[in-house]
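Naming: A, B, ... by sequence-line order, numbering from 1 per chain.
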Number of protein chains: 2
Amino acid sequence: MQMRDVAKRANVSPATVSRVLRQPDLVKKETKEKVIQIINELNYKPNMIASQFRTRETKTILVVVPDITRPFFSEVLRGIEHTALQNGYQVILGDTENRIEREKEYIELLYRKQAEGAVLLTARMDRDSLKELSSQFPVVLACEYMDGLDIPTVSIDNISSARKVTEHLINVGHRKIAHISKGTDVILGKDRQRGYQQAMMSHDLPINPSWVQEGDYDIDSGYKQMVKLLALEDRPTAVFVFNDEMALGSIKAVKDHGLRVPEDIAIVGFDNLPMASFFSPYMTTIDQPKYEIGQKAADLLLRLLKGIFIKRKKIVMKDELIIRESCGFYQKEQLFGEAEKV
Amino acid sequence: MQMRDVAKRANVSPATVSRVLRQPDLVKKETKEKVIQIINELNYKPNMIASQFRTRETKTILVVVPDITRPFFSEVLRGIEHTALQNGYQVILGDTENRIEREKEYIELLYRKQAEGAVLLTARMDRDSLKELSSQFPVVLACEYMDGLDIPTVSIDNISSARKVTEHLINVGHRKIAHISKGTDVILGKDRQRGYQQAMMSHDLPINPSWVQEGDYDIDSGYKQMVKLLALEDRPTAVFVFNDEMALGSIKAVKDHGLRVPEDIAIVGFDNLPMASFFSPYMTTIDQPKYEIGQKAADLLLRLLKGIFIKRKKIVMKDELIIRESCGFYQKEQLFGEAEKV
DNA sequence: CATTTTTATTGAGCCTCTTCATAGACTCGG
DNA sequence: CCGAGTCTATGAAGAGGCTCAATAAAAATG
């Protein structure tokens, strides 16, 4: 069944049916009603592919995620998807499972005109490819980004956030502060590590090189890195961990080692996942507006797709230091994620 | 740039270029090499939409998920996506955010020929719609399902799993066992509740109606329902919770109430999320092979798409009772999710 | 050289949208 | 009151890029 069938039944031309569907204002009221009635009667559904082919618009965006099972990303993804949908766009999911080469596979969808634009939550490909890509297609970076490229980007100020949370540890009296990072190959790893270093330096605190351990996102990894820190001669009294997942692992490692958080070792995380506020000790962390980052990124992409010029390319979202128990400066007990906000 | 440009440059017809791309065996070696060279030279990328239009195949499947931020689903989703990709299919993501009406919106993509088939991780629409849908398009249900319909389905045997875990509680000596469920409007809620009832009945244990509380998936909800149970005159000594998230909330409620798990109240969960094996007390739960469910569902769908007849429509995946600490019968401490398996 | 086999080309769609053309209704000034 | 000019509503026709069936050409075989 196709448009011509509807047209025949309604005694109009296919063009009119098409108009009813896409530019209803151009059609006389009665004709329109007639056509709509027939459409419903026959339960006609336009073939989107034919339409996309003709208009050369797929109304589809690609979202490339490094790991969809991480709560942080799935929340951002939801923000993107929701916004896209509201604006009549579909989302093709590209989970790279942390494999760089898979980024490129997904991106082929742009070159092959399947998707009109992309939001990248991971951008590990080389700078030239990315530059080339963004010169040809609307692309927005979210969370991760790349320096020196003129690509619209949505993220928090990771350096400043990392500095803030490290400084909080310093303010409550810590001097030997370690950092479980995500290697500096990832821009976020680099930024958060830099923030940590800045905070330490500006307070004239030395950083023992072995205090900086490189983890790999997940709970287990946080556990393992913490075990290393615990084994040190010159053991730190506080640790700033790259993200909440690893921070949870770290806390567990401390407990398993017979020590207490925060009394013996303070630990702070990053991201403010739901579970960070649920387990004792409640975790001090940096809140990122995950859903909003997704929304904003989708919003920017949609604007690019409409050809709207974007003056401010770097959108910095507001983060928040959430002080709870794990840093050793907890003020009063509150239930369910409510906490003193700074 | 299009195929004809490549053809011209290579002194062949567009049809030959098309064959090089799609049925290379039909083309003489030299011609093929020549064409490929030109393709690379010009960096030609075929227009997928035109191709899809012509062949009437989009190589795209739709995955409808009730809530992408829940770890259980994102793991299943990954299994689906991975398998789809391996077989040259793309995935359009449909996150309904638990709104039934949004299921239908996504499903329109099938009627409009955008997607060729669908995996539904949620099926709350009315039976007739679903029946109608599956009669017209390849559809596979995963996790949730609907009784009495001849639709391929992948899941564990929820009734038996629930019975198993409840019986374990009985075996370690509990008699007053409560259940925090997900209302019986959802088939999984019904099944797990039934398994619980079966176990209780077959051991002649009475169920106090107020022992069955209806939660809503997340940690907070588990907390709240547990608070209710704790307030009962006739307080249960053990609780079987619908899923791990709510079980974590329940455990927290017990602790906040000044009681211990499992000594005062035993708690068991369902799903075996990574975090279930990480927080003390380590949680006894039912392991579902999440990734494999996704793989299998995608696999079935792909077979349907190829027109292969599927004899066994109901695939029951193997679950596993993972005994850890929270049920009060922990045997020996093991790190990182390793536990006694039954 | 005739016949079979292999390889390449021709041309017709796939279904929808949009431009252009037309016909009718309407406006308005002379 | 009429003809020119405006609008409105519809139709006719073609294009969009690719693939496949039918056809033709070339190569291989006997």
Original post:
Taking CG from D25(A) and P from dT10(D), how many angstroms apart are they, rounded to a whole number?
Top reply: 13 Å
Original post:
Can you tell me if K113(A) and T58(A) form a side-chain donor-acceptor pair at under 3.5 Å?
Top reply: no
Original post:
Any salt bridge between D191(A) and K182(A), counting N to O under 4.0 Å?
Top reply: no
**OP:** Give the rounded distance in Å between these two atoms: NZ of K29(A) and P of dT10(D).
**Re:** 13 Å
**OP:** Please determine, by modelled atom types, if E103(A) and T122(A) share a side-chain donor-acceptor pair under 3.5 angstrom.
**Re:** yes
Original post:
Does a donor on one side chain and an acceptor on the other come within less than 3.5 Å for T96(B) and R124(B)?
Top reply: no
Subject >> Strand-adjacent residues in residues 44-52 of chain B, judged by heavy atoms under 4.0 Å from DNA chain D >> reply: Y44(B), P46(B), N47(B), A50(B), S51(B)
**OP:** In whole angstrom, give the distance that lies between atom NZ of K28(A) and atom C1' of dC26(C).
**Re:** 14 Å
Original post:
Heavy-atom contacts under 4.0 Å between residues 14-23 of chain A and DNA chain C, which residues?
Top reply: A15(A), S18(A), R19(A), R22(A), Q23(A)
**OP:** Provide, to the nearest angstrom, the distance between the NZ atom belonging to K34(A) and the P atom belonging to dA9(D).
**Re:** 17 Å
**OP:** Tell me which nucleotide among dT9(C), dG11(D), dA8(C) gets nearest to the side chain of S13(A).
**Re:** dG11(D)
Subject >> Qualifying residues under side-chain hydrogen bond (donor to acceptor under 3.5 Å, both in side chains), relative to R4(A), sequence neighbours excluded >> reply: none
**OP:** Would you check if there is a donor-acceptor pair between the side chains of H82(A) and Q295(A) at a distance under 3.5 Å?
**Re:** no
Original post:
Under 4.0 Å: is that the gap between some side-chain N or O of T31(B) and OP1 or OP2 of dT7(C)?
Top reply: no
Original post:
Of all the choices, dC20(D), dT18(C), dA8(C), which nucleotide is nearest to the side chain of T55(B) once you look at every atom?
Top reply: dC20(D)
Original post:
R56(A) CZ to dT18(C) C1': how many Å, rounded?
Top reply: 11 Å
Subject >> For atom CD of Q114(B) and atom C1' of dT16(C), their distance in whole Å >> reply: 15 Å
Subject >> Gap between atoms CE and P, on M1(B) and dG17(D) respectively (whole Å) >> reply: 12 Å
Original post:
Judged by modelled atom types alone, do T153(B) and K313(B) share a side-chain donor-acceptor pair under 3.5 Å?
Top reply: no
Original post:
Looking at dT9(C), dC18(D), dT7(C), which one has an atom nearest to any side-chain atom of Q2(B)?
Top reply: dC18(D)
Original post:
Within the structure shown, what part of the strands sits under 4.0 Å from N11(A) by heavy-atom distance: base, sugar-phosphate, or nothing?
Top reply: sugar-phosphate
Original post:
Between atom CZ in R112(B) and atom P in dC14(C), what is the gap in whole Å?
Top reply: 21 Å
Original post:
Does the side chain to side chain contact (heavy atoms under 4.5 Å, CB included) test come out yes or no for L93(B) and L77(B), once each step is laid out?
Top reply: CA-CA 9 Å; L93(B) 171 64; L77(B) 177 56; 4.0 Å; yes
Subject >> K318(B) and E292(B) ion-paired at < 4.0 Å >> reply: no
Original post:
With centres under 5.5 Å and planes under 30°, do F53(B) and dG17(D) count as stacked?
Top reply: no
